Peer 1: 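My questions all concern the structure below.
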Protein chains: 2
Amino acid sequence: MPSAVKEATSVLKSNHFKITKQRMAMLEFLVNTATKKFVEVTSIDNFMRQTFPNMSHNTIYRNISEFAELGIVERQVQGDRASVKFQCDFEQEHHHHFICSNCGKVIELKDCPLSKEITDQLGGCKVTGHLFQIYGLCPECAQLNE
Amino acid sequence: MPSAVKEATSVLKSNHFKITKQRMAMLEFLVNTATKKFVEVTSIDNFMRQTFPNMSHNTIYRNISEFAELGIVERQVQGDRASVKFQCDFEQEHHHHFICSNCGKVIELKDCPLSKEITDQLGGCKVTGHLFQIYGLCPECAQLNE
DNA sequence: TTGTTAAATGGTAATAATTACGATAATCGG
DNA sequence: CCGATTATCGTAATTATTACCATTTAACAA
């Protein structure tokens with residue numbers, strides 16, 4: 001079992017979620033296809049239901065939501081399609097991403113651009129989060145489009 | 001007629017779009033409710049169809065898409081709801097936003113955090129865009145939640 | 001003003017994604 | 001192994017969005 005799946009199951013256990021066959025299958029699929037890469041939720045739904053013909057939409061969507069709340073996967077809307085990727089690393093320090101708008105691949109960035117000068121412009125506001133992402137084509141997709 | 005509507009109609013005209021009653025009504029609604037504030041597309045759909053009982057979904061969604069392509073409105077996915085706001089200003093310089101996650105209000109930021117140090121980490125990638133947004137509660141909503 | 005043409009709209013219905021519900025099944029701790 | 005609780009399945013509903021096409025309308029020039 002890949003270590004990423006182990007980490008994910010331990011998160012599930014410590015939050016009193018049961019380790020089911022369906023959840024294991026989804027985690028394995030996500031580790032294989034959605035590591036450092038955003039994958040559309042509908043394609044997850046399709047794949048899981050082809051591989052396990054009597055798995056219900058309900059189970060797939062519910063589990064993805066739960067995984068997201070536990071930090072096991074990261075959600076994103078790419079264009080107009082809901083996508084997820086497996087969390088880079090558990091307990092990793094805060095960082096941001098470059099995202100390939102063609103294939104969904106992500107590259108981690110070192111810097112966080114949030115600065116005091118910026119938040120100082122927001123007197124009276126309660127800042128709870130921020131998003132910083134760079135879009136473009138990854139080296140592979142950039143070559144194909146030349 | 002508010003000047004924002006005039007600006008929008010001149011954009012439409014110069015791109016050879018027709019000035020219809022439906023488009024005018026939508027622009028007026030957007031200027032009134034979605035200036036410096038993201039409003040859900042479905043609520044636009046609801047309002048327009050209540051006010052003009054035989055306006056079709058088609059017209060509303062198509063016009064919003066066209067407005068977005070012309071830069072008249074800005075699209076955004078808030079949580080999991082598609083939203084739009086009227087464009088701050090036409091031909092304004094590049095900037096980013098604080099967005100209130102409760103009411104959708106936006107506050108413009110002065111700085112753009114994209115720097116050479118950051119893009120230098122992305123050798124081989126073709127950078128086409130970026131997103132920087134700060135989330136939180138605007139002063140009004142922060143007070144209500146205290 | 002009126003006629004012409006291209007574009008926009010309305011109405012209906014299809015599609016796609018996601019969620020609801022309730023009966024059954026499976027996990028886990030003891 | 002057993003009981004309590006949570007998860008799953010299967011079906012169907014719901015919601016958002018788009019397609020299609022006949023009809024209407026805006027723009028523009030004579």
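Bear in mind that the values here come from a model prediction, so they are computed numbers and not experimental data. Naming: A, B, ... by sequence-line order, numbering from 1 per chain.
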Peer 1: Calculate the interatomic distance between B/Ile44 atom CD1 and D/dT15 atom P; express it in whole Å.
Peer 2: 19 Å
Peer 1: Please report, rounded to the nearest Å, how far the P atom of C/dG11 is from the CG atom of B/Asn58.
Peer 2: 12 Å
Peer 1: If you measure from CZ on A/Phe38 to CZ on A/Arg81, what distance do you get to the nearest 0.5 Å?
Peer 2: 16.0 Å
Peer 1: Checking all strands, does A/Asn63 fall into the base, sugar-phosphate, or nothing category for heavy-atom contacts under 4.0 angstrom?
Peer 2: sugar-phosphate
Peer 1: Ignoring backbone atoms, test whether B/Gln22 places a side-chain nitrogen or oxygen under 4.0 Å from the OP1 or OP2 oxygen of D/dA26.
Peer 2: no
Peer 1: Please state how far atom CD1 in A/Ile19 lies from atom C1' in D/dT6, giving the value in whole angstrom units.
Peer 2: 12 Å
Peer 1: Round to a whole Å and report the spacing from CE of A/Met55 to C1' of C/dA25.
Peer 2: 15 Å
Peer 1: Is there a side-chain contact between B/Ser56 and the phosphate of C/dT9, meaning an N or O under 4.0 Å from OP1 or OP2?
Peer 2: no
Peer 1: Which of these, B/Phe67, B/Phe86, B/Phe47, B/Phe52, sits in a ring pair (Phe, Tyr, Trp, His ring centres under 6.0 Å) with B/Phe29?
Peer 2: B/Phe47
Peer 1: Do the side-chain N and O atoms of B/Gln76 and B/Gln133 include a donor-acceptor pair separated by under 3.5 angstrom?
Peer 2: yes
Peer 1: When the nearest nucleotide of DNA chain C is assigned to B/Asp80 and to B/Thr20 on a heavy-atom basis, which residue is associated with the more 5' position?
Peer 2: B/Thr20
Peer 1: In whole angstroms, how far is the C1' atom of C/dA16 from the CZ atom of A/Arg49?
Peer 2: 13 Å
Peer 1: Could you state the atom-to-atom distance from CD of A/Gln78 to P of C/dA17 in whole Å?
Peer 2: 16 Å
Peer 1: Quick check: are there more than 12 heavy atoms from other residues, nucleotides or ligands sitting under 6.0 Å from NZ of A/Lys37?
Peer 2: yes
Peer 1: Heavy-atom nearest nucleotide on DNA chain D for A/Pro53 versus A/Lys18: which residue maps closer to 5'?
Peer 2: A/Lys18
Peer 1: In whole angstroms, how far is the P atom of D/dA26 from the CG atom of B/Leu12?
Peer 2: 14 Å
Peer 1: Whole Å only: how far is the CZ atom of A/Arg81 from the P atom of C/dA17?
Peer 2: 7 Å
Peer 1: Looking for any heavy atom pair under 4.0 Å, which part of the strands does A/Arg62 touch: base, sugar-phosphate only, or nothing?
Peer 2: base
Peer 1: On DNA chain D, does the nearest nucleotide to B/Phe17 precede the nearest nucleotide to B/Tyr61 from the 5' side, or the other way round? Give the residue.
Peer 2: B/Tyr61
Peer 1: Counting distance alone, no hydrogens or angles: does the base of D/dT25 have a donor or acceptor under 3.5 Å from a partner atom on the side chain of B/Lys21?
Peer 2: no
Peer 1: Per the atom types in the model, does the base of D/dG10 pair as donor or acceptor with the side chain of A/Asn54 at under 3.5 Å?
Peer 2: no
Peer 1: Could you tell me the separation between the CZ atom of B/Arg23 and the CD1 atom of B/Ile60, rounded to the nearest 0.5 Å?
Peer 2: 13.0 Å
